[in-house]
**Q** 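Okay, handing you the structure first.
Letters A, B, ... mirror the listed sequences (proteins, then strands); counts begin at 1. For the numbers below, each heavy atom of this structure counts, side chains included, while hydrogens, waters and symmetry mates do not.
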Amino acid sequence: MPFTIATWNINSVRLRAPLVERLLREEVPDILCLQECKSPVEKIPRDAFAALGYTHMIARGQKGYNGVAILSKLPIEEAGAEDHAGLGHARHVAGRLENGVTVHNFYVPAGGDVPDRAVNEKFGQKLDYLTDMRDAFRCMPPEKAILVGDLNIAPGEEDVWSHKQLLKIVSHTPVEVAHLEEMREAGSWVDITRQDIPDGKLYSWWSYRARDWDAADKGRRLDHLWATPDISGAAHSSRILRHVRGWEKPSDHAPVLASFDL
DNA sequence: ATGACTAAGTATCTTAGA
């Protein structure tokens with residue numbers, strides 16, 4: 001049965017519940033993975049999503065920060081949640097669909113301002129988080145799986161507005177890109193967005209600080225949708241919904257989507 | 001110059017985002 005999956009860093013699921021509902025109405029993905037819910041699980045407005053047919057939810061949450069949720073029209077059962085790097089943060093949750101596909105929803109640490117773990121503890125935590133993800137995938141190679149989320153790294157030169165100007169900016173430093181690539185390789189993950197849209201600039205995040213984010217267009221592709229090789233051939237129709245960044249009181253991230261014919 | 005915003009908490013500023 002074919003299905004569509006979406007991922008979106010919502011930057012507060014309670015404040016932006018109306019935007020989530022609008023996306024669900026307009027795009028009708030079968031599954032929507034959210035990051036930065038910034039809410040305890042019991043305070044997520046799940047009834048509003050259930051009213052639109054999203055009757056299944058798997059989530060991990062905490063007060064104020066982080067938090068991930070999987071909303072689904074399709075039945076989905078819990079398939080674990082990891083606390084990589086031992087941060088005690090709600091940054092991962094996994095679910096399994098009835099067709100046997102496992103969905104991983106990740107929110108990788110942002111990493112702070114200075115790309116040096118000797119002076120910035122958060123940068124070290126980001127690298128450690130990616131290393132632990134890598135080791136987990138090496139230990140148990142994923143099959144029939146999809147990995148989505150805000151990975152907080154824009155790996156390619158075409159994934160940022162200026163490769164040269166961002167080389168020393170957290171999210172695009174060579175050490176982060178190397179950690180991401182090792183983790184991707186450990187799970188044999190295929191970047192579905194780039195499989196479908198191989199060429200050209202592609203962003204999923206634009207800073208709130210720009211006077212006119214659309215005109216400046218200084219974006220980065222921080223949000224990713226990957227799949228294992230056994231199902232990557234079934235993926236198609238990848239999109240990044242740039243126009244959603246222009247909605248009233250938007251998240252600074254745009255939703256990323258793909259469909260699978262399985 | 002990227003360039004001066006946004007959200008939550010216990011909150012009238014601090015921490016975090018990236």
**Q** Please work out if A:Leu222 contacts a base, only the sugar-phosphate, or nothing of the nucleic acid, heavy-atom cut-off 4.0 Å.
**A** sugar-phosphate
**Q** List in chain and number order the residues that pass ring pair (Phe, Tyr, Trp, His ring centres under 6.0 Å) with A:Tyr54, two or more places apart in sequence or in another chain; answer none if no residue qualifies.
**A** none
**Q** Calculate the interatomic distance between A:Leu166 atom CG and B:dG3 atom P; express it in whole Å.
**A** 12 Å
**Q** Determine the Euclidean distance between corresponding P atoms of B:dA7 and B:dT2; express it in Å to zero decimal places.
**A** 24 Å
**Q** What integer number of Å spans the C1' atoms of B:dA18 and B:dG3?
**A** 13 Å
**Q** So what does A:Ala110 touch, heavy atoms closer than 4.0 Å: a base, only the sugar-phosphate, or nothing?
**A** sugar-phosphate
**Q** For atom P, what is the distance between B:dA16 and B:dA4, given to the nearest Å?
**A** 24 Å
**Q** Tell me: CD1 of A:Ile10 to C1' of B:dT6, nearest whole Å?
**A** 13 Å
**Q** Going by atom types alone, do A:His236 and A:Asp261 pair a side-chain donor with an acceptor below 3.5 Å?
**A** yes
**Q** List, with names and distances, any nitrogen or oxygen atoms from the protein found under 3.5 Å away from nitrogen or oxygen atoms belonging to nucleotides 9-15 of chain B.
**A**
none

**Q** Can you work out whether A:Arg209 or A:Ser171 has the more 5'-proximal nearest nucleotide on DNA chain B?
**A** A:Arg209
**Q** Distance check, P atoms only: B:dT15 and B:dT10, in whole angstrom units.
**A** 13 Å
**Q** Working to the nearest 0.5 angstrom, can you tell me the gap between A:Ile70 CD1 and A:His56 NE2?
**A** 12.5 Å
**Q** How is A:Tyr107 classified with respect to the nucleic acid when contacts are heavy atoms under 4.0 Å: base, sugar-phosphate, or nothing?
**A** sugar-phosphate
**Q** In whole Å, I'd like the distance from the CG atom of A:Asp252 to the P atom of B:dA7.
**A** 9 Å
**Q** With side chain to side chain donor-acceptor pair (under 3.5 Å) as the criterion, how do A:Asn152 and A:Tyr129 come out once you've worked through the C-alpha distance, each side chain's angles and the decisive distance to 0.1 Å?
**A** CA-CA 12 Å; A:Asn152 266 317; A:Tyr129 193 93; over 6 Å; no
**Q** Roughly how many Å is it from NZ in A:Lys126 to P in B:dA18, rounded to a whole number?
**A** 8 Å
**Q** Is the distance from OP1 or OP2 of B:dT6 to the nearest side-chain N or O of A:Asn11 less than 4.0 Å?
**A** no
**Q** For atom C1', what is the distance between B:dA8 and B:dT12, given to the nearest Å?
**A** 14 Å
**Q** Between B:dG17 atom C1' and A:Ile153 atom CD1, what is the distance in whole Å?
**A** 15 Å
**Q** Of the nucleotides B:dA18, B:dA8, B:dT2, which one has an atom closest to the side chain of A:Ser12?
**A** B:dA8
**Q** Provide, to the nearest angstrom, the distance between the NZ atom belonging to A:Lys168 and the C1' atom belonging to B:dT2.
**A** 17 Å
**Q** Show every donor-acceptor pair shorter than 3.5 Å between a side-chain atom in residues 101-113 of chain A and any protein atom, with sequence neighbours excluded, or say none if there are none.
**A**
residue: A:Thr102; atom: OG1; partner: A:Arg96; partner atom: NE; Å: 3.1
residue: A:His104; atom: ND1; partner: A:His92; partner atom: NE2; Å: 2.9
residue: A:Asn105; atom: OD1; partner: A:Gln35; partner atom: NE2; Å: 2.8
residue: A:Asn105; atom: ND2; partner: A:Leu34; partner atom: O; Å: 3.1
residue: A:Asn105; atom: ND2; partner: A:Ala69; partner atom: O; Å: 3.0
residue: A:Tyr107; atom: OH; partner: A:Glu36; partner atom: OE1; Å: 3.4
residue: A:Tyr107; atom: OH; partner: A:Glu36; partner atom: OE2; Å: 3.4

**Q** Classify the nucleic acid contact of A:Asn66 as base, sugar-phosphate or nothing, counting any heavy atom under 4.0 Å across all strands shown.
**A** nothing
**Q** Applying ring pair (Phe, Tyr, Trp, His ring centres under 6.0 Å), name anything that partners A:Phe260, two or more places apart in sequence or on another chain.
**A** A:Phe3
**Q** Want to settle it: does A:Pro109 or A:Pro250 sit nearer the 5' end of DNA chain B, counting the closest nucleotide to each?
**A** A:Pro250
**Q** Calculate the interatomic distance between A:His172 atom NE2 and B:dT2 atom P; express it in whole Å.
**A** 14 Å
**Q** Is A:Arg220 side chain donor-acceptor paired with the B:dT2 base, going by distance under 3.5 Å alone?
**A** yes
**Q** Using a heavy-atom cut-off of under 4.0 Å over every strand shown, decide if A:His253 touches base, sugar-phosphate, or nothing.
**A** sugar-phosphate
**Q** Can you tell me the distance, in whole Å, between the CZ atom of A:Arg16 and the C1' atom of B:dT6?
**A** 7 Å
**Q** Which residues pass the ring pair (Phe, Tyr, Trp, His ring centres under 6.0 Å) test with A:His163, sequence neighbours left out?
**A** A:His172
**Q** Can you sort out the partners of A:Val170 under side-chain contact (heavy atoms from CB on, under 4.5 Å), two or more places apart, ordered by chain and number?
**A** A:Pro115, A:Phe123, A:Lys126, A:Glu176
